[in-house]
Amino acid sequence: MRIDKFLWAVRLAKTRTLATELIAKNKVLCNEVAVKPAKEISAGDTLKIQRANAWFSYKVIALTDRRIGAPLVASFLVDCTPEEERIKWRNYLEAQRAYQHFGTGKPTKKDRRDLTQFKEGDLWIDSED
């Protein structure tokens with residue numbers, strides 16, 4: 001089975017195009033070797049995928065040619081990622097959250113509703129004074 005199709009089928013990539021791009025950027029290793037999207041993989045192979053600054057490791061148990069549901073992924077892959085890499089990933093996510101300050105970026109649905117309510121004048125103001 002092609003590695004790009006497998007990454008998509010076991011939900012390690014959202015689309016096959018994204019899986020192919022990851023492989024082309026050498027962010028996916030099969031048995032510690034950089035591969036091409038058409039590389040044939042088999043059960044027992046080890047996959048390493050780079051996300052930001054961390055490398056996640058997976059052992060292939062079985063192959064599937066169809067995209068499977070999230071609960072079934074465990075029957076096709078075993079996560080072998082070392083704890084140090086998980087800590088790197090958590091630190092990266094924490095650092096990214098620090099850049100997102102309240103009031104910046106796209107308003108949430110609640111923010112939008114509050115703004116609409118304020119603009120439409122649902123607040124009662126006594127104008128006779």
Side-chain angles (χ1 to χ4, degrees):
M1 161 173 249
R2 290 175 57 111
I3 192 168
D4 60 341
K5 189 171 182 181
F6 182 76
L7 292 176
W8 167 78
V10 294
R11 299 180 171 269
L12 293 176
K14 198 169 191 175
T15 64
R16 278 190 68 183
T17 303
L18 291 176
T20 304
E21 288 174 7
L22 281 174
I23 295 167
K25 293 177 182 177
N26 290 330
K27 294 189 176 204
V28 177
L29 304 176
C30 181
N31 298 325
E32 302 294 330
V33 177
V35 295
K36 293 185 178 180
K39 163 82 169 136
E40 292 290 324
I41 62 168
S42 59
D45 286 347
T46 303
L47 300 177
K48 288 183 86 171
I49 300 174
Q50 184 181 20
R51 306 266 181 185
N53 60 347
W55 283 91
F56 292 87
S57 302
Y58 302 96
K59 181 149 179 120
V60 178
I61 298 172
L63 300 176
T64 178
D65 58 345
R66 297 180 184 196
R67 188 159 169 95
I68 57 173
L72 299 176
V73 170
S75 59
F76 295 92
L77 282 179
V78 175
D79 191 355
C80 306
T81 307
E83 191 60 32
E84 308 88 54
E85 295 297 320
R86 292 178 195 272
I87 292 170
K88 278 188 202 177
W89 178 248
R90 283 189 216 120
N91 290 341
Y92 170 77
L93 292 177
E94 282 292 320
Q96 293 304 309
R97 283 190 202 112
Y99 292 113
Q100 188 178 13
H101 300 290
F102 178 72
T104 59
K106 184 178 176 182
T108 63
K109 197 169 190 176
K110 183 183 180 323
D111 294 338
R112 185 187 51 77
R113 286 179 179 157
D114 290 344
L115 286 170
T116 303
Q117 182 181 13
F118 179 74
K119 286 181 180 179
E120 289 178 357
D122 286 345
L123 300 173
W124 185 74
I125 299 173
D126 189 10
S127 58
E128 294 179 11
D129 287 332

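Each residue takes its place number in the sequence, starting with 1.
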Validation row: Thr46, Cys80 side chains within 4.5 angstrom (heavy atoms): no
Counterpart residues, side-chain contact (heavy atoms from CB on, under 4.5 Å), relative to Asp65 (two or more places apart): Met1, Lys5
Shortest non-hydrogen contact between Gly44 and Lys59, atoms and distance: O-NZ, 3.5 Å
Test item: Asn31 side-chain N/O and Val33 main-chain N/O as donor-acceptor pair under 3.5 Å: no
Close side-chain approach of Glu94 to Arg90, heavy-atom, < 4.5 Å: no
Atom pair CZ (Arg113) and OG1 (Thr108), whose distance is rounded to the nearest 0.5 Å: 9.5 Å
Least distance between heavy atoms, Ser57 atom then Pro82 atom: OG-CD, 4.4 Å
Linked, directly or transitively: Ile49 and Leu29 (ILVMFWY side chains, under 4.5 Å): no
Side chain proximity check, Thr20 to Arg2, heavy atoms < 4.5 angstrom: no
Flag side-chain contact, heavy atom, 4.5 Å: Leu12 against Val28: no
Rounded distance (nearest 0.5 Å) linking atom OG1 of Thr81 with atom CD1 of Ile87: 12.5 Å
Contact check, side chains of Glu85 and Phe56, non-hydrogen atoms, under 4.5 Å: no
Straight-line distance of Arg11 CZ to Leu72 CG, nearest 0.5 Å: 9.5 Å
same_hphob_cluster(Trp8, Ile41) at 4.5 Å side-chain heavy-atom cutoff: no
Tyr58 side chain near Val10 side chain, heavy-atom distance below 4.5 Å: no
Over all atoms of both residues, closest heavy-atom pair of Asn26 and Ala34: OD1-CB, 3.7 Å
Spacing of Arg112 atom CZ and Leu115 atom CG [to the nearest 0.5 Å]: 9.5 Å
Within one Ile-Leu-Val-Met-Phe-Trp-Tyr cluster: Val73 and Ile61, side-chain cutoff 4.5 Å: no
From CZ (Arg16) to CG (Leu7), nearest 0.5 Å: 10.5 Å
Leu47 CG to Ile3 CD1 distance, which is reported to the nearest 0.5 Å: 5.0 Å
For Pro37 against Asp4, the heavy-atom pair lying closest together: O-OD1, 3.1 Å
Closest non-hydrogen atom pair, Lys27 against Trp55: O-CZ3, 3.7 Å
Nearest atoms (heavy-atom pairs only) where Phe76 meets Ile68: CD1-CD1, 3.2 Å
Any Lys39 side-chain heavy atom under 4.5 Å of Asp45 side chain: no
